[in-house]
Every structure is written in C-alpha cells, then in structure tokens.
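Being a predicted model, the structure only gives us computed values, none of them experimental. Proteins get letters first, then strands, A, B, ... in listed order; numbering begins at 1 in each.
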Protein chains: 2
Amino acid sequence: MARKLPQGPLSASCPTRLLLDQIANKWAVLVLMAVRDEPVRFNELKRTVEGISQKVLGQTLQQLERNGLVERQVWSLKPIAVAYAITPHGRGLAEIVEQLRAWAVQTLGRTQSAQARFDARQARPPSVRVHRA
Amino acid sequence: MARKLPQGPLSASCPTRLLLDQIANKWAVLVLMAVRDEPVRFNELKRTVEGISQKVLGQTLQQLERNGLVERQVWSLKPIAVAYAITPHGRGLAEIVEQLRAWAVQTLGRTQSAQARFDARQARPPSVRVHRA
DNA sequence: CTGAATCCTTGCGGATACTG
DNA sequence: CAGTATCCGCAAGGATTCAG
C-alpha cells in the first residue's frame with residue numbers, strides 16, 4: 001500500500017497549499033514586512049504600504065492576526081489608538097520572506113534580461129499585453 | 001530637495017513589489033515546485049498540480065519562462081511533446097520556497113491553534129469562511 | 001498532445017459613506 | 001483615529017472550443 005494519499009502530490013492537503021492560501025497575495029506579505037521592525041498604527045500602515053485601500057488593509061490585518069502572524073494592540077486613549085505588532089511566529093515567516101527579498105534584489109538583473117530576451121523572441125509589439133486589441 | 005523619491009518606502013519601486021508581482025500567486029509557486037525535480041510534460045503538469053485549469057497553467061508557464069525560472073523543451077515527435085524544466089535561476093528561488101514549505105509544515109500546529117483561538121474569540125457562529133460557496 | 005482563443009462567471013479590491 | 005458596510009467595475013480564471 002503506502003499510497004494512501006487520496007489526491008495527487010500537490011493536492012489541497014499539502015501544507016504548501018495552506019501556506020499559499022495565507023500569504024500568496026502581495027498585500028499580506030507587504031503588510032507583514034511593514035510591521036516587522038516595530039508596531040505600526042493603522043493609518044500609518046496605510047500610508048506606509050501605499051497603494052493599499054483601507055478595506056483591503058483591514059482584511060489583510062484580520063487575516064494576519066487570525067493566523068497568529070501579527071498581534072493587535074489597543075490603547076484606549078481619547079481617540080482610540082491601535083497598533084499592529086509582529087509576533088514571534090510571524091517573525092519566523094518574515095525572515096524567510098526577507099530571504100526572498102534578498103534573492104529578488106540579487107537576481108534582479110538576471111530576471112530583467114530574461115524578460116527582455118523572452119519578449120524579443122516573442123516579438124510582442126506593445127510594451128505589455130493589451131488585453132483588448 | 002533630496003527627496004526625489006516620488007512615493008513612500010514600500011512603493012512600486014521596491015524590488016519586493018517586483019518579486020511579488022511574479023510569484024505572489026499560488027499557481028506560479030506550485031508549478032515551480034512541480035518542475036523542481038525533473039522536466040515535466042504539460043498534461044502531466046496539469047495532473048500533478050491538480051486544480052489548475054489548462055488556461056492558467058499555460059499562462060503561468062509562460063510567465064515563469066519569461067522570468068527565466070523554467071525552460072521550455074520541445075521534442076518534435078509524432079504527437080508533439082513538450083516538457084518544462086527548472087532553470088538554475090529558478091532553482092535558487094525554489095530553494096527559498098522550499099524553506100517556506102518547511103516552515104509551514106513545522107508551524108502547522110501553531111497556525112491552526114492561532115486560527116482556532118481567533119475564531120473562538122470572534123465567535124463566528126456559522127461555518128466561517130467556506131472557501132467554496 | 002500542446003496549446004491559443006472565446007465566452008462568461010466569480011469575487012477581489014477600489015471608492016465612498018457611516019459608526020464608535 | 002480605527003474601522004465596518006455597501007456598491008460596483010474590472011480582471012482573474014474556469015469551461016469549452018478550435019488549431020497545429
């Protein structure tokens with residue numbers, strides 16, 4: 001026997017899938033990295049990440065908090081103040097993401113030349129893909 | 001002056017953004033890992049990843065090839081045969097992704113308990129997020 | 001077998017408005 | 001300030017068809 005696995009190798013049961021469902025979107029990663037060094041307030045976070053909407057930021061923070069990657073800290077001041085801090089758990093993930101970032105920087109040139117080569121070979125006329133002709 | 005930077009810290013100019021635009025979707029990562037060990041044919045890949053549509057698989061492969069992460073190999077047999085192999089460049093990325101996978105496995109229990117705690121605290125009554133409808 | 005092209009549905013995510 | 005709720009456009013992506 002030995003092959004008890006119901007699905008194929010990369011089915012939903014693979015923990016990689018579970019992980020990817022959590023952090024496979026850039027916003028989650030960016031927010032995680034944004035709170036990596038110190039607790040950050042909501043609006044400051046919104047300004048830092050820059051480009052994220054407040055709705056998505058809220059969703060992302062809830063998701064990150066649910067997964068135990070960030071922690072929500074509340075100070076009941078006159079105007080309520082909330083900050084989000086990375087957890088030890090989240091820090092572990094952030095370190096790996098940091099490696100990804102380092103790799104991206106390090107291989108940036110290679111990536112760009114590969115893209116240029118591919119685009120030239122395919123002779124794509126416009127800069128990018130103009131979905132609708 | 002001196003602040004020539006148009007945007008903030010995590011703007012689009014950050015290489016992290018460039019990386020995330022490439023691999024922030026689970027399909028790209030899954031396909032990359034699927035071809036990590038050996039060249040894989042198209043339909044075999046479609047079966048391996050399991051859940052991916054042929055359209056998205058094609059798009060993902062083109063994207064990965066464009067970024068120099070995988071290489072397209074063609075054998076002009078009677079019925080055409082094509083296989084996709086990981087490149088040295090892609091292997092570097094795959095190794096980091098492998099760390100992610102290891103981290104996910106290693107911290108799986110912690111993640112689940114964190115989620116359970118969060119869900120209990122929020123007292124989400126019905127089936128929380130039912131991934132599919 | 002390996003794709004490209006079309007259609008069409010889903011839901012992500014942006015903008016806006018409202019509450020505490 | 002810190003969110004939640006609503007509306008809605010648009011693009012990702014699933015199913016299907018056609019081509020090499």
Between C1' of dC12(C) and CD of Q59(A), the distance in whole Å: 8 Å

Atom pair distance, as rounded to whole Å: CD in E44(B) and P in dC1(C): 11 Å

Salt bridge flag under 4.0 Å for residues R121(A) and E65(B): yes

Whole-Å distance separating the CD atom of Q63(B) from the P atom of dA4(C): 14 Å

N43(B) side chain, from C-beta outward: closest of dC1(C), dG14(D), dG3(D): dC1(C)

Spacing of K26(B) atom NZ relative to dG14(D) atom C1', expressed in whole Å: 13 Å

Of the listed nucleotides dT17(D), dG13(D), dT4(D), the one nearest the side chain of Q54(A): dT4(D)

Lys/Arg-Asp/Glu bridge criterion (N-O < 4.0 Å) met for R101(B), E98(B): yes

Atom-to-atom span, CD of Q73(B) to P of dG3(C) - whole angstrom: 12 Å

Residue F42(A), side-chain atoms from C-beta onward, closest of dG3(D), dG14(C), dC1(D): dG3(D)

Residue met sooner reading DNA chain C from 5', once G51(A) and G58(B) are mapped to nucleotides: G58(B)

Y84(B) side chain, from C-beta outward: closest of dG3(C), dG14(C), dG13(D): dG3(C)

N25(A) side-chain N/O to dC12(C) phosphate OP1/OP2 under 4.0 Å: no

Nucleotide dT2(C), atom P - distance to CZ of R47(B) in whole Å: 8 Å

Nearest-angstrom distance from the residue atom NZ of K46(A) to C1' of dG3(D): 12 Å

Interatomic distance, I52(B) CD1 vs dG3(C) C1' [rounded to whole Å]: 14 Å

Distance-only polar pair, side chains of Q22(B) and Q63(B), donor-acceptor under 3.5 Å: no

Nearest-neighbour nucleotide for the K55(A) side chain, dG13(D), dG13(C), dT2(C) considered: dG13(C)

Backbone N/O of L69(B) and side chain of T87(B): donor-acceptor pair under 3.5 Å: yes

OP1 or OP2 of dT2(C) under 4.0 Å from side-chain N/O of R41(B): yes

Short side-chain N/O contact from R72(A) to OP1 or OP2 of dG3(D), under 4.0 Å: yes

Lys/Arg-Asp/Glu bridge criterion (N-O < 4.0 Å) met for R17(A), E50(B): no

Side-chain N,O (Q62(B)) to OP1/OP2 (dG3(C)) below 4.0 Å: no

Nearest to side-chain heavy atoms of I80(A), which nucleotide of dG13(D), dG3(D), dG20(C): dG20(C)

